[in-house]
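Below is one structure, written out as structure tokens; the observations come after it.
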Amino acid sequence: MGLAVRSCRLRVLARDDWALAHSVWQAETAAEAERRRLAARLRDAVVHRTAALVELARQGKLDDVAAAAPSALAAMRDLLHSLGDGEDPQRRLAPQPTAADLGTLCRTLRAAGRDVTLRGLPEAAAGLPASVALSAYRVVEAALGAGDRGPARVTLRRRRAR
């Protein structure tokens, strides 16, 4: 009986580990895609115009440089303003939650009437890379908001380095 329970527990832990690793991979992939998108916009909007300004300056056409500089600055300004388009300004300025904020999430859900318990050591969330800590929070948040309103238990666990 003990071997069966242990085997079941190991399968559950392996599935949890896979889910966390998959979530981290998705977060990293999304972040990389966003970095590439921003780099392409920066290159298109700003770098080409700046390179043209430098070339005009090398040729000694300072009047042309003075005429083209405002449009290059306007392109930079437009790029910076467009980075947050479509986002709520308050949300954009708020810090991202981490695994250390899971206690607050559970307290908020309890205050709303759901029976959510948080178990485990707070040290389990300490020292995690930022992307992992954010992903852990988002995975728990998504799991708790997935539609089931029954009692839930969140357990923080961390394997020791071998």
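Remember, it's a predicted structure, so these values are computed and weren't measured experimentally.
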**Study point:** Heavy-atom closest pair, residues Ser135 and Ser23
**Key:** OG-O, 3.9 Å
**Study point:** Residues in side-chain hydrogen bond (donor to acceptor under 3.5 Å, both in side chains) contact with Arg149, at least two apart in sequence or another chain
**Key:** none
Exercise for review: Quick one: name the residues clustered hydrophobically with Leu20, using the 4.5 Å side-chain heavy-atom rule over I, L, V, M, F, W, Y, and just say none if it's on its own.
Suggested key: Val24, Leu128, Val132
Exercise for review: Measure the spacing between CG of Asp17 and NE2 of His22 and express it to the nearest 0.5 Å.
Suggested key: 14.5 Å
Check your understanding: What residue pairs, at least two apart or across chains, pass salt bridge (Lys or Arg N to Asp or Glu O under 4.0 Å) with a residue in residues 100-115?
Key -> none
**Study point:** Qualifying residues under side-chain hydrogen bond (donor to acceptor under 3.5 Å, both in side chains), relative to Glu28, sequence neighbours excluded
**Key:** none
Review point. Does one side chain, of Gln96 or Arg138, offer a donor that lies under 3.5 Å from an acceptor on the other?
Key: yes
Practice item. Run the numbers on Gln59 and Leu56 for side-chain contact (heavy atoms from CB on, under 4.5 Å), then give the verdict. Key: CA-CA 5 Å; Gln59 295 172 3; Leu56 288 172; 4.3 Å; yes
Exercise for review: Please name all residues satisfying side-chain hydrogen bond (donor to acceptor under 3.5 Å, both in side chains) with Asp64, sequence neighbours left out, ordered by chain then number.
Suggested key: none
Revision key, fill the gap. Taken in chain and number order and not counting sequence neighbours, the residues that satisfy side-chain hydrogen bond (donor to acceptor under 3.5 Å, both in side chains) with Thr155 are none
Practice item. With sequence neighbours excluded, tell me which residues meet side chain to side chain contact (heavy atoms under 4.5 Å, CB included) with Leu105. Key: Leu102, Leu109, Tyr137, Val140, Glu141, Leu144
Check your understanding: Apart from Trp18 itself, what residues make up its hydrophobic cluster, given side-chain heavy atom links below 4.5 Å?
Key -> none
**Study point:** Minimal non-hydrogen separation, Val116 against Cys106, with atom names
**Key:** CG1-SG, 3.5 Å
Anything under 3.5 Å between a donor and an acceptor, one on a side chain of residues 3-16, the other on a protein residue two or more places apart or in another chain? List them.
| residue | atom | partner | partner atom | Å |
| --- | --- | --- | --- | --- |
| Ser7 | OG | Arg11 | NH1 | 3.0 |

Check your understanding: Which pair of heavy atoms, one from Val65 and one from Ala57, lies closest together, and at what distance?
Key -> CG2-N, 3.5 Å
